[in-house]
There are 2 protein chains.
Amino acid sequence: MDLIEIFKALGDENRIRILNLLIRQELCVCEIETVLDMTQSNASRHLNKLKTAGVIASEKKSQWVYYRVDNKFIEENNLLYEFIKNKLVENTQLLRDVERLKKYKNSYYTCEQLREDKSQVLKYLQGQCEKTENEN
Amino acid sequence: MDLIEIFKALGDENRIRILNLLIRQELCVCEIETVLDMTQSNASRHLNKLKTAGVIASEKKSQWVYYRVDNKFIEENNLLYEFIKNKLVENTQLLRDVERLKKYKNSYYTCEQLREDKSQVLKYLQGQCEKTENEN
DNA sequence: TGATTATATTCATTTATACTCATATAATAA
DNA sequence: TTATTATATGAGTATAAATGAATATAATCA
């Protein structure tokens with residue numbers, strides 16, 4: 001995929017936030033929207049932008065569509081991939097997102113539970129984050 | 001400089017085109033606008049975006065402001081820099097721009113001559129480019 | 001087979017950004 | 001010292017892109 005298209009796809013903060021998560025693990029749309037506290041339609045649209053640019057790929061499993069960084073992208077753009085991985089840890093917003101992702105992972109919440117009570121999960125995820133924000 | 005700000009700065013085609021030239025050599029605003037056939041104010045504004053993001057740096061020499069890739073940027077973002085250098089050669093627009101740059105360099109035109117008759121230089125630069133376009 | 005669900009897509013709106021023209025500003029040149 | 005010049009910047013406009021609410025669509029589930 002073309003350099004210019006890749007950079008256009010990466011030129012948005014929310015898309016970098018999504019990529020930040022997908023670099024660490026495969027996630028489905030409903031998980032991404034929850035961890036990043038983003039509307040479903042917005043998440044879907046951003047994911048499509050990244051997919052179109054060849055950065056990520058998707059796979060349907062049962063009712064859910066999972067996204068991950070495309071292996072082909074990693075192979076063909078290894079320098080960029082390494083750069084991104086190295087730099088993610090220098091950004092506070094991205095680090096915050098990672099904390100939320102870890103919290104989500106540690107909770108063993110599932111997509112099904114997100115369906116049943118997403119607001120509960122959001123509250124759970126925000127518990128730690130709100131405290132962290134007050135310390136700043 | 002922050003990852004997100006860097007990607008925002010690189011998320012525009014014209015700014016990549018400018019960077020493509022500056023990676024090869026230092027140039028002043030009037031040269032960039034001529035080689036890329038861009039208005040002076042637009043060139044200036046894009047240059048400022050790249051400078052603000054810490055990608056390029058400027059230096060005033062006599063009446064002219066010269067821009068170049070910031071060495072600090074190269075040091076701190078070497079993977080990204082290498083990635084860009086490797087990928088530039090895969091894009092046809094960027095290759096075309098490089099041909100124009102080479103033609104400009106080979107002509108020994110100067111900033112002063114650009115002042116006197118920029119349209120002459122533009123015609124000269126377009127001579128080869130128009131022929132190349134017809135072959136495609 | 002009908003109900004339910006996940007998510008992509010449409011529509012409308014908002015926000016951001018790119019662009020041009022004109023000019024202010026800071027220099028250099030004469 | 002005045003004239004000239006390079007370019008950054010202001011103002012206005014056009015275009016692009018981001019966003020949320022609603023819904024269509026394609027599946028899976030029961």
Side-chain angles (χ1 to χ4, degrees), chain A residues 4-19 22 26-53 56-68 109-118 121-122, chain B residues 4-19 22 26-53 56-68 93 109-118 121:
Chain A
I4 287 173
E5 299 312 314
I6 292 177
F7 277 133
K8 278 182 186 172
L10 297 178
D12 176 79
E13 181 169 352
N14 280 329
R15 290 202 281 279
I16 297 292
R17 289 177 74 197
I18 288 171
L19 188 58
L22 295 184
E26 180 183 71
L27 291 166
C28 85
V29 183
C30 66
E31 290 172 317
I32 290 165
E33 65 177 275
T34 303
V35 173
L36 296 184
D37 200 11
M38 200 185 277
T39 64
Q40 178 272 316
S41 75
N42 204 22
S44 182
R45 215 173 333 250
H46 279 308
L47 286 162
N48 187 55
K49 287 255 165 87
L50 288 169
K51 188 178 173 187
T52 299
I56 62 177
S58 62
E59 181 182 7
K60 186 99 181 248
K61 294 175 189 171
S62 180
Q63 311 156 58
W64 296 286
V65 181
Y66 284 79
Y67 286 84
R68 68 170 62 194
Y109 274 130
T110 63
C111 292
E112 274 163 316
Q113 286 164 329
L114 284 174
R115 170 204 308 155
E116 262 137 49
D117 198 353
K118 176 176 157 185
V121 182
L122 277 173
Chain B
I4 288 173
E5 299 312 315
I6 291 177
F7 278 133
K8 279 183 185 171
L10 297 179
D12 175 78
E13 182 170 350
N14 279 329
R15 289 200 283 281
I16 297 293
R17 290 177 74 196
I18 288 172
L19 188 56
L22 296 184
E26 181 183 70
L27 291 166
C28 85
V29 183
C30 66
E31 290 172 319
I32 290 165
E33 64 177 273
T34 304
V35 173
L36 296 185
D37 201 9
M38 199 184 277
T39 65
Q40 178 271 317
S41 76
N42 203 24
S44 182
R45 217 169 317 253
H46 280 305
L47 285 162
N48 187 55
K49 285 253 165 90
L50 288 168
K51 187 177 173 188
T52 300
I56 63 178
S58 63
E59 180 181 10
K60 185 96 180 252
K61 294 176 188 170
S62 180
Q63 309 157 61
W64 295 285
V65 181
Y66 283 79
Y67 286 85
R68 70 170 60 193
Q93 175 65 59
Y109 275 129
T110 63
C111 292
E112 274 163 313
Q113 286 165 329
L114 283 176
R115 173 203 306 153
E116 264 139 46
D117 199 353
K118 178 178 157 185
V121 183

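Lettering follows sequence order; numbering is per chain, from 1. Note that these values count all heavy atoms, side chains included, but never hydrogens, waters or copies made by symmetry. All figures in this text were calculated on a predicted structure; none of them were measured in a lab.
Residue contacts shown for A:Thr39 are limited to sugar-phosphate atoms, with no base heavy atom under 4.0 Å away. As judged by a 4.0 angstrom heavy-atom cut-off over every strand, A:Ser41 is placed among the base-contacting residues. The residue A:Lys49 sits close only to the backbone: its heavy atoms come under 4.0 Å of sugar-phosphate atoms, none of a base. Contacts of A:Arg115 with the nucleic acid, taken as non-hydrogen atoms under 4.0 Å apart, involve only primed sugar atoms and P, OP1 or OP2.
By the 4.0 Å N-to-carboxylate-O rule, B:Lys118 lies too far from B:Glu31 to be salt-bridged with it. No salt bridge links A:Glu5 with A:Lys49; every basic N to acidic carboxylate O contact stays at or beyond 4.0 Å.
Per the geometry, CG belonging to B:Asp37 stands 13 Å off P belonging to C:dC19, to the nearest Å. Nucleotide D:dA16 holds its C1' atom 16 Å from the NZ atom of B:Lys8, rounded to whole Å. To the nearest angstrom, P of C:dT25 lies 17 Å from CG of B:Asn48. Straight-line distance from the CD atom of B:Gln40 to the P atom of C:dA24: 15 Å, rounded to whole Å. Between A:Met38 atom CE and D:dA21 atom P the separation is 15 Å, expressed in whole Å. As a whole-Å value, the separation of A:Tyr67 OH from C:dT7 P is 8 Å. When the P atom of C:dA16 is taken as reference, atom CZ of A:Arg15 falls 15 Å away, rounded to whole Å. One interatomic measurement links the two molecules: NZ of A:Lys60 to P of C:dT5, which rounds to 14 Å at whole-angstrom precision.
Of the side-chain N and O atoms in B:His46, one or more sit less than 4.0 angstrom from OP1 or OP2 of C:dC19. For the pair B:Asn14 and C:dT17, the criterion of a side-chain N or O lying under 4.0 Å from OP1 or OP2 is not met. Put simply, A:Ser62 has a side-chain N or O that comes within less than 4.0 Å of OP1 or OP2 on D:dC29.
In the set D:dA8, C:dT7, D:dA18, the nucleotide with an atom closest to the side chain of A:Val29 is C:dT7. Comparing atom distances between the B:Gln63 side chain and each of D:dT5, D:dT19, D:dC29 picks out D:dT5 as nearest.
Side-chain polar atoms of A:Lys51 and A:Ser58 form a donor-acceptor pair below 3.5 angstrom.
Remark: B:Arg68 CZ is loosely packed, at most 12 non-hydrogen atoms of other residues, nucleotides or ligands lying under 6.0 Å away.
Applying the 3.5 Å distance criterion, the base of C:dT10 shares a donor-acceptor pair with the side chain of A:Arg45.
No donor-acceptor distance shorter than 3.5 angstrom exists from the side chain of A:Arg15 to the backbone of A:Leu10, with no hydrogens or angles considered.
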